[in-house]
Number of protein chains: 2
Amino acid sequence: MTTVRLGKIKNACQNCGVRQLCLPTSLDGNEFNLMDEVVTHRFKLQAGDHLYKTGDEFHGIYAVKSGALKTSGVTIDGREQVTGFHLYGEIVGLDAVDEKIHPCDAIALTDTEVCHLPFKKLREASAKLPNLLEDLTKIMSREIRREEHVLMLLGTTTAEQRIARFLVNLYERLQKRGELENTITLFMSRQDIGNYLGLAIETVSRQFKSLRDKGIINVDKKKVEILAMEELKTLAL
Amino acid sequence: MTTVRLGKIKNACQNCGVRQLCLPTSLDGNEFNLMDEVVTHRFKLQAGDHLYKTGDEFHGIYAVKSGALKTSGVTIDGREQVTGFHLYGEIVGLDAVDEKIHPCDAIALTDTEVCHLPFKKLREASAKLPNLLEDLTKIMSREIRREEHVLMLLGTTTAEQRIARFLVNLYERLQKRGELENTITLFMSRQDIGNYLGLAIETVSRQFKSLRDKGIINVDKKKVEILAMEELKTLAL
DNA sequence: CCGTTTTCTTGACTTGTGTCAATGAGACTG
DNA sequence: CAGTCTCATTGACACAAGTCAAGAAAACGG
């Protein structure tokens, strides 16, 4: 549970350009050389490690290269609230650009590799590279939409709907990354799922059981096999 | 209930620079002249008018100059879900930058004035003006944080907490705009509030009544007078 | 390897909040 | 002004999901 301090790990990042970040990049050719200046460090986190903590000074955003992270804030009354799960190919830290202080924790859920992108450099490079600027705004826009999506998910819905939507969403995100198996691995705990979906941990457990009883999924520990995707999607409606 | 089409209203926007947008602007002097090129139109909406609808092509973002808007999407199962209320001084439309299509509706809650900021121009100007670029990223970052805040609000909390937090948040936003009265005007319906907070309209009604019985607020139609702010904040915890 | 701790599951019970239904209060219209 | 609509309030009731509690199953650590 150690916070990774920047600068400690100084191994240069070779294969860490925009293209490999799974960003909606439109960069080509020489521009990549410039981009590589932006990416400074690539380093590893173990499950439970903090990438940053609430209140930490903001130095830049992070591209998740492998593994997964959760971001969670602390509500006014002191409870944890998970605000998102971030798979590889996604970006974390965009919520800190404004105030220059991280408003939430980012914690690795499993062994995870991230690339650090100093935001100042990114901005400077964006001024020279129109395409990069476009990418940057798109990435931020996408993050805004992602959160809106979660908001929609949390509106007045049943526990079953939330769990179903959660599974479908996770499946689709993994599918986009080329993972076509029907079995998805939950890297997060039941606690995290419940917290994220606004449900008690027991409810999460019961819903998994209920879906299993209906023959829609198969749950074994952190492995969830989707047996009837169409039915699952119907429940998600 | 008419959608305002761009281009129909072509009156140039005089007092619509960044400074007046209540943005965290750091622009000075001549740069403003460039900025004024970015702002194209300023126009009025009546209560119920759509600024844009889900699926509309994205032409730019909008700065709310007066009044208030709600943004709401349609969930997979066809229900409306309010994702935010936007007071004057705030920006709407940032969630469309990525896909170039508006993922939600933006509807005026009262008579509202907005400025249209073509995003392409904004981006082009940002490449020349480092400060503008900084502002743009900050604004987007702030929007991301705003939504995270709503997420935290919707996590496992009671109806009373949600209503209390909603009122405190609204009060503080109005206060930042220099409105120091203890009476706030809800420009949105109970329906919208309930939808936004994930509560049934009846529950909203009952919670208002309950807070009134406790002597914490005074409700008369859309006017909410806060009698005991400290107690309200305690309930919000 | 066994003891300890954490995480997950399952059951019994309670309660907050949604649903249904009826009524009241304004706002708008002809 | 009565008639129609929409919006808000209030009450009665049911049920989904939270809480409490106990036990099972992994994970961890020496």
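The shown structure was predicted, so the numbers you read here are calculated from the model rather than taken from an experiment. Side-chain atoms are counted along with the backbone in the values below, which use heavy atoms only and exclude waters and symmetry mates. We name chains A, B, ... by the order of the sequence lines, and we start the count at 1 in each one.
One atom, CD of A:E160, and another, C1' of C:dG18, lie 17 Å apart when rounded to the nearest Å. For the pair A:L211 CG and C:dT9 P, the computed distance is 12 Å after rounding to whole Å. For the pair A:D220 CG and C:dT7 P, the computed distance is 18 Å after rounding to whole Å. When the C1' atom of C:dT7 is taken as reference, atom CG of A:D192 falls 12 Å away, rounded to whole Å. Rounded to whole Å, the distance from NZ on B:K223 to C1' on C:dG26 is 16 Å. The CD-P distance, from A:Q161 to C:dG18, rounds to 14 Å in whole Å.
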Please list each protein N or O that sits under 3.5 Å from an N or O in nucleotides 7-16 of chain D, with the distance.
from: D:dA8; atom 1: OP1; to: B:R190; atom 2: N; distance (Å): 3.2
from: D:dA8; atom 1: OP2; to: B:R190; atom 2: N; distance (Å): 3.3
from: D:dT9; atom 1: OP1; to: B:R190; atom 2: NH2; distance (Å): 3.3
from: D:dT9; atom 1: OP2; to: B:R190; atom 2: NE; distance (Å): 3.0
from: D:dT9; atom 1: OP2; to: B:S205; atom 2: OG; distance (Å): 2.5
from: D:dT9; atom 1: O5'; to: B:S205; atom 2: OG; distance (Å): 3.0
from: D:dG11; atom 1: N7; to: B:R206; atom 2: NH2; distance (Å): 3.0
from: D:dG11; atom 1: O6; to: B:R206; atom 2: NH2; distance (Å): 2.9
from: D:dA12; atom 1: N6; to: B:R206; atom 2: NH2; distance (Å): 3.1

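Residues in residues 194-221 of chain B take part in these salt bridge (charged side-chain N to carboxylate O under 4.0 Å, His left out) pairs, two or more places apart or across chains: B:E160-B:K214.
For B:D192, the salt bridge (charged side-chain N to carboxylate O under 4.0 Å, His left out) partners at least two apart in sequence or on another chain are B:K70. By the side-chain contact (heavy atoms from CB on, under 4.5 Å) test, B:E172 is found to be paired with B:V168, B:K233, residues two or more places apart in sequence or in another chain being considered.
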Salt bridge (Lys or Arg N to Asp or Glu O under 4.0 Å) evaluation trace for A:E147 with B:R146:
CA-CA 10 Å; A:E147 288 182 351; B:R146 180 191 72 77; over 6 Å; no
Would B:R177 and B:E90 count as a salt bridge (Lys or Arg N to Asp or Glu O under 4.0 Å) here? Give the steps.
CA-CA 11 Å; B:R177 282 158 186 74; B:E90 296 173 344; 3.1 Å; yes
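Overall bending of the helix from C:dC1-D:dG30 to C:dG30-D:dC1, expressed as the angle between end axes built from five pairs apiece, is 50° (10° steps).
Under the 30°/60° scheme for interplanar angles, the aromatic rings of A:F43 and A:Y62 are found to stand perpendicular.
Between A:R145 and B:E99 there is a salt bridge, since a side-chain N of the basic residue sits under 4.0 Å from a carboxylate O of the acidic one.
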Indicate every side-chain donor-acceptor pair of residues 101-114 of chain A with a distance under 3.5 Å to a residue at least two apart or in another chain.
from: A:D105; atom 1: OD1; to: A:T54; atom 2: N; distance (Å): 2.7
from: A:D105; atom 1: OD1; to: A:T54; atom 2: OG1; distance (Å): 2.6
from: A:D105; atom 1: OD2; to: A:H50; atom 2: NE2; distance (Å): 3.4
from: A:T112; atom 1: OG1; to: A:A68; atom 2: N; distance (Å): 3.2
from: A:T112; atom 1: OG1; to: A:A68; atom 2: O; distance (Å): 3.1
from: A:T112; atom 1: OG1; to: A:T110; atom 2: O; distance (Å): 2.8
from: A:E113; atom 1: OE1; to: A:S66; atom 2: OG; distance (Å): 3.4
from: A:E113; atom 1: OE2; to: A:R42; atom 2: NE; distance (Å): 3.4

